[in-house]
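We name chains A, B, ... by the order of the sequence lines, and we start the count at 1 in each one.
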Amino acid sequence: MENLLRMGIREAVKSLWGVDVNDDLLQLQKTRKEFEGDLTLVVFPLTRISHHAPEQTAAEIGEYLLSHIDAVSGFNVIKGFLNISITPSEWAKRLQVIASVSGYGFIPAGPEPDTVVIEYSSPNTNKPLHLGHIRNNLLGFSLARINGAAGSKVIRTNIVNDRGIHICKSMVAWQLFGNGQKPEDTGMKGDHFVGDFYVLFEKKYREQIEGLVAAGSTPEEARENAPLMLEARRMLLKWEAGDEETVTLWNMMNSWVYAGFDVTYKALGVEFDKIYYESETYKTGRELVLRSLEEGHLLKREDGSVWIDLTADKLDQKLLLRSDGTAVYMTQDLGTAVIRYNDYHFDRHIYVVGNEQNYHFQVLALTLQRMGYDWAKGLHHFSYGMVELPEGKMKSREGKVVDADDLIAEMTATATSMSEELGKLAGYSGSEKENICRQIGLGALKYFILKVDPKKNMTFNPAESIDFNGNTGPFIQYTYARIRSVTRKADETGAGTVNDNCNDVTPNPKETAVIKLLNDFPGLVQEAAKEQSPALIANYCYELAREYNQFYHDFSILGEEDRSLRNFRLKLSEMTGRVLESGLWLLGIEAPERM
RNA sequence: GGCCCUAUAGUUCAAUGGAUAGAACGCGGGUUUCCUAAACCUGAAAUUUAGGUUCGAUUCCUAGUGGGGCUACCA
């Protein structure tokens with residue numbers, strides 16, 4: 001529709017003033033609700049060509065369009081805005097086209113698609129997932145689907161930070177205070193079990209620091225010399241040296257954690273195509289650094305530590321290997337990137353990581369380029385804002401976090417009590433009820449998080465919880481469920497199907513409004529991929545659901561006597577349902593058949 | 001100190017440089033013999049400040065102020 005008009009306008013300008021107009025001067029947008037029309041041309045930029053006043057320019061173009069394009073039924077000019085009306089029957093034809101397309105809005109990957117690796121989640125194995133990880137996982141999972149829908153080949157990946165000082169802390173604490181207990185002895189999920197030892201370590205460590213400071217140490221010395229920290233460092237060295245007892249303990253505790261993570265990922269509905277482990281990539285990173293050092297890209301200090309000097313790029317010097325030869329975070333990320341490139345030869349690599357690591361990823365990309373890897377230009381840090389609690393930042397060291405498992409359970413519980421209160425779901429089996437409430441609770445959580453611009457920090461208030469009314473996931477799910485209810489009924493009663501004829505229908509304004517939104521969907525998916533923004537999809541779904549609900553409220557579908565019109569409304573409903581389902585799918589939200 | 005992000009109704013969020021800044025929650029008033037009222041209709045309520053660019057700025061630029069982050073031999 002938009003392309004048709006663009007062509008017409010270009011023709012009009014050519015015919016009226018003899019100029020081939022550049023496409024970016026044709027500012028075509030949706031007409032705002034309070035004005036008559038469907039699409040609006042902003043003519044200010046064209047006055048340079050016409051040398052006429054905006055109103056006159058608009059009127060001349062409007063006349064041309066009206067007499068040359070059948071689909072244009074009229075126009076009006078307000079200031080510099082040309083509001084163009086499209087005939088309702090043209091919109092009805094659009095609906096037919098939309099209905100005839102399979103996979104509407106999605107572009108299948110071509111023979112040589114753009115390959116994009118998306119890394120998200122990236123947990124540490126010393127503690128369970130929390131609300132911050134939920135935002136990360138939901139964004140990453142949705143981005144993967146959006147990029148896939150836009151025609152890219154997507155590899156969803158995860159880097160598990162399974163080695164390093166943090167897991168050594170949990171290991172030390174378990175050795176000292178665990179009494180040989182295992183998760184199954186306590187009935188706890190493995191990740192929570194291990195996480196509790198991490199918190200315990202930090203608690204005891206703080207006590208030791210306080211003790212040392214009281215005995216006369218400076219705080220800095222105390223942090224360095226506290227026995228627990230010395231033990232954790234020793235543990236890390238033993239691990240890197242391959243000490244058998246240490247590695248066995250490490251393997252055991254990590255396996256507990258993974259069992260726990262799997263449960264959380266499954267509950268959240270996220271998946272990965274390939275999981276990398278830092279313990280398997282950091283050595284490649286170290287070799288890379290040492291080779292690059294020989295090649296003269298890096299510098300070695302007297303104490304043996306290895307650095308890259310990025311001061312020419314207005315950054316600092318950055319440590320790549322410690323003086324004791326052990327790897328840091330950057331070391332393994334370098335290794336992981338190279339391994340991944342060798343595995344997939346990606347065009348783009350998106351890291352879904354919080355904005356606190358903006359500097360890290362600048363350094364990562366630059367360092368790889370310095371090392372001679374040109375593909376590192378395809379590295380992109382998808383930097384999202386923090387999730388904060390009303391009282392401020394979450395602090396996992398102090399155990400002040402919103403736990404992912406707890407939150408998911410609470411959402412489901414709220415959905416369940418709400419459903420019962422509303423008297424929904426009477427007559428469904430226990431497992432059916434359970435599944436629907438799970439879908440709704442998760443839908444509420446996911447939508448709440450994804451509708452926000454990823455760049456921005458967001459506040460999460462656990463006490464006020466998340467709404468189920470208004471601009472929410474359940475609102476969209478409810479709209480979908482109502483549509484399914486209608487189409488099911490149509491099938492059962494033989495009132496009609498989507499394929500039935502409705503060619504002679506002239507849609508009313510509410511119906512047209514819905515078709516216009518449906519018509520926007522493919523472009524919107526492309527834009528969401530270009531902008532890397534699930535929030536665009538979320539807000540679109542809400543708008544479509546709202547518009548459809550108005551139509552649904554004002555007009556009867558199955559009660560309509562006229563057969564053509566009834567078929568038309570069924571088709572409109574069916575297509576709205578399909579697009580809502582697709583949109584929700586792009587967000588990783590399930591669309592319940594009933595609720 | 002240096003660098004990055006951010007600022008919109010009481011609150012949570014929208015708005016490719018375009019018209020009278022759009023929703024939701026909350027608050028006020030309505031709608032159910034009718035396909036699901038988790039819905040629909042309706043009222044009050046907002047662009048941090050000062051400059052600049054532009055026919056036109058919530059949007060772009062500069063400066064100030066508030067909030068957050070980074071600047072670790074943590075990850």
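- Under the Watson-Crick or G-U wobble criterion, with both distances below 3.5 Å, B:U11 is paired with B:A24.
- Shown here, B:G1 forms a base pair with B:U71; the pair counts as Watson-Crick or G-U wobble because both key distances fall under 3.5 Å.
- Residue-to-nucleotide contacts include a donor-acceptor pair under 3.5 Å from the side chain of A:S419 to the base of B:A38.
- With distances taken from any side-chain atom of A:Y542 to the nucleotides B:C40, B:A38, B:A23, the minimum falls on B:A23.
- The phosphate of B:U20 (OP1 or OP2) has a side-chain N or O of A:K79 nearer than 4.0 angstrom.
- With both ends at atom P, the span from B:U11 to B:A19 equals 25 Å, rounded to whole Å.
- Rounded to whole angstrom, the span from the CG atom of A:L41 across to the P atom of B:G18 amounts to 14 Å.
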In B/S/- notation, 5' to 3', how is nucleotides 6-12 of chain B contacted by protein heavy atoms closer than 4.0 Å?
-> SS-----
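- In the interface, the side chain of A:N539 is not paired with the base of B:A15 through any donor and acceptor atom under 3.5 Å apart.
- A donor and an acceptor atom sit less than 3.5 Å apart, one in the side chain of A:T40 and one in the base of B:A19.
- Distance A:F361 CZ to B:C4 C1': 15 Å, rounded to the nearest Å.
- Residue contacts shown for A:Y548 are absent, as no nucleic acid heavy atom lies under 4.0 Å away.
- The residue A:V42 sits close to a base: some heavy atom pair falls under 4.0 Å.
- At the heavy-atom level, A:E543 lies nowhere under 4.0 Å from the strands shown.
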